[in-house]
Amino acid sequence: MAQAEEIYRFITEEGEERSCSAISEVHCTDVPGNFLKNALSGFSSKLAEQLVSPGVTLPWMISLFGGGMGISGMLVPLKNLGSLLPQLFVSGRIRNYPRRKYFWAFPAFFQALAILLIGGAFWKLEGGMMAAAVAVLLLVFSIASGVASVAFKDVMGKTIPKGRRGRLLATRATGGGLLTLAFGLVLFFFLRDMQASWTVALLIVGASLLWVLAGLAFLWIDEAAGATEGGRTPFQEFRSGWKVLRKDRNLVNFILSRAFLMAIPLAQPYFVVIGREYTDADLSGLGLFVIAAGLAALISSPLWGKLADRSSRGLMVGMALLGILNCGLVAGFTYLPEGSRSIYLFAPLILMNMMAHGGARLSRKTYLTDYAPEEDRPLYVALANTLIGIFTLAAAGIGFLSEWFGPLFLLAFLTGMLLLSIFFSRRLEET
């Protein structure tokens, strides 16, 4: 406990006197231990996410095995659709249980199984059938992720005080980024000549085991029993959410700003495919992109965490601006002479996108957790996520814009989304 206290103070820069805003004094002493247990769970889950990332690893593999950009581009929207759309239907049920950590841990175990099935699709199927099966299984995987998302923010709100939540999210991302960087270096220097099927097996089995470890660590958290009154059916939850939207204009602005900020993660698989096709890179290029993912979390997450605790609204605006710059640089890369296009030159652009994605993700999570009323936090989280899930239905076909009109039209479209995100983010209240 003393070691946990010291590590917690080092990470959060907290003094002797602890402020437990929104945390009962009885459970204030549990905060350092819960902080570290949550972080350890995050280290495993963040690395697992990168090993089978719908924005990097899966699009690369689908492209390598003959899938098109349209299918690859649908992976991130499908991931978001599966994880966001069902949340309004489960948040009321989760409230019936005094401890919600189980609704993160057990979906993590289910995600481990879904990843193994994705591996089976790579090994047993080919071409379009393989790509379609991966997409469907990713959707199933993401539904479990959606249940966990509602529970995570509620558990974090019950166990970590305000002013420390952004730091927790940053710590999870930084630890996962360090592990991702280490794996990317191994992939680039030692596994680059490995047969593709064996690389897929390594990624799949590793990600499955990591999800199991993440679930076990989350079960370890000491969560106080919460209120169980007010549990609602999905229809009642929908009605309650509609009432919230009608009276809370700031929540509407947040949902709109977050929806258009999705241009950053939506851009990632297209950037990966553009990088592979314009440079004709082999498996070593995937290693570079995994290294970029690790560096992005390692370099930027501590800074994003501090900025989010100061102003998550301001960080959302900053990430949209960074995303616009990123789109412009990728567009410029496509105009370079063919002989000067190098995967090493393109990798920093992937790094920039991943840094922006990490900041956007951390800022909107921190904002919603801090802004939502404690008693209705699951409803606010589920409502926002469900509406974003509906938005992804329209976003799922964006990849075909590139196949029909070329990558520059797609980049211009994503830039327009980010400009709208800035407009709505600037209208948000500070938390």
Side-chain angles (χ1 to χ4, degrees), residues 37-38 41-42 44-46 48-49 52 54 75-118 135-160 169 172 207-208 210-221 223 225-228 230-238 240-241 255 258 265 361 364-365 368-369 372 376-393:
K37 293 168 188 175
N38 197 318
S41 175
S44 295
S45 64
K46 296 299 180 185
E49 287 175 356
V52 288
L75 295 180
V76 170
L78 283 174
K79 169 69 166 60
N80 290 329
L81 176 66
S83 62
L84 301 179
L85 195 57
Q87 293 191 20
L88 192 62
F89 300 96
V90 301
S91 64
R93 297 296 186 185
I94 288 177
R95 190 169 178 82
N96 290 327
Y97 297 84
R99 290 181 175 83
R100 288 83 189 242
K101 63 182 181 180
Y102 304 104
F103 289 93
W104 197 96
F106 289 111
F109 302 147
F110 183 84
Q111 286 171 282
L113 175 61
I115 289 171
L116 288 176
L117 294 176
I118 288 175
V136 171
L137 289 168
L138 180 65
L139 180 63
V140 174
F141 168 94
S142 302
I143 292 173
S145 175
V147 176
S149 180
V150 176
F152 177 83
K153 294 182 182 69
D154 199 32
V155 172
M156 182 172 67
K158 291 168 63 181
T159 58
I160 305 299
L169 295 173
R172 287 167 56 95
S208 298
L210 285 166
W211 273 115
V212 172
L213 291 175
L216 292 174
F218 209 83
L219 283 175
W220 195 19
I221 292 174
E223 179 192 3
T228 57
R232 295 179 284 254
T233 66
F235 179 72
Q236 291 171 327
E237 196 78 344
F238 178 81
S240 298
I255 291 171
R258 178 184 168 186
R361 188 176 183 180
R364 51 95 172 166
K365 282 186 177 182
L368 188 57
T369 303
D376 280 328
R377 188 182 289 118
L379 172 61
Y380 271 64
V381 171
L383 176 63
N385 288 345
T386 299
L387 292 176
I388 295 298
I390 294 173
F391 179 83
T392 62
L393 289 173

How far apart are the C-alpha atoms of R172 and E49, what are their side-chain angles, what is the distance that settles it, and do they pass the salt bridge (charged side-chain N to carboxylate O under 4.0 Å, His left out) test?
-> CA-CA 12 Å; R172 287 167 56 95; E49 287 175 356; over 6 Å; no
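- Here the CD1-CZ distance, from I115 to F141, works out to 4.5 Å after rounding to the nearest 0.5 Å.
- Inter-residue side-chain proximity for I255 and F391 is flagged as unmet; no heavy-atom pair is nearer than 4.5 Å.
- Taken from CD in Q111 to CD1 in I143, the straight-line distance is 11.0 Å, to the nearest 0.5 Å.
- For the pair L78 and A135, the tightest heavy-atom approach, listed with the atom from each and the gap, is CD1-CB, 3.6 Å.
- The structure places NZ of K46 at 13.5 Å from CG of L210, a figure rounded to the nearest 0.5 Å.
- Counting heavy atoms from C-beta on, the side chains of L138 and L75 come closer than 4.5 Å.
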Quick one: side chains of residues 101-109, donor-acceptor pairs under 3.5 Å with protein atoms, not counting sequence neighbours, listed by atom name and distance.
{"unit_1": "K101", "atom_1": "NZ", "unit_2": "L219", "atom_2": "O", "d": "2.9"}
{"unit_1": "K101", "atom_1": "NZ", "unit_2": "I221", "atom_2": "O", "d": "2.6"}

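- With a 4.5 Å cut-off on side-chain heavy atoms, S45 and W211 count as touching.
- A donor-acceptor contact shorter than 3.5 Å links the side chain of K37 to the backbone of W220.
- Here the side chain of S149 pairs no donor or acceptor atom with the backbone of S145 at under 3.5 angstrom.
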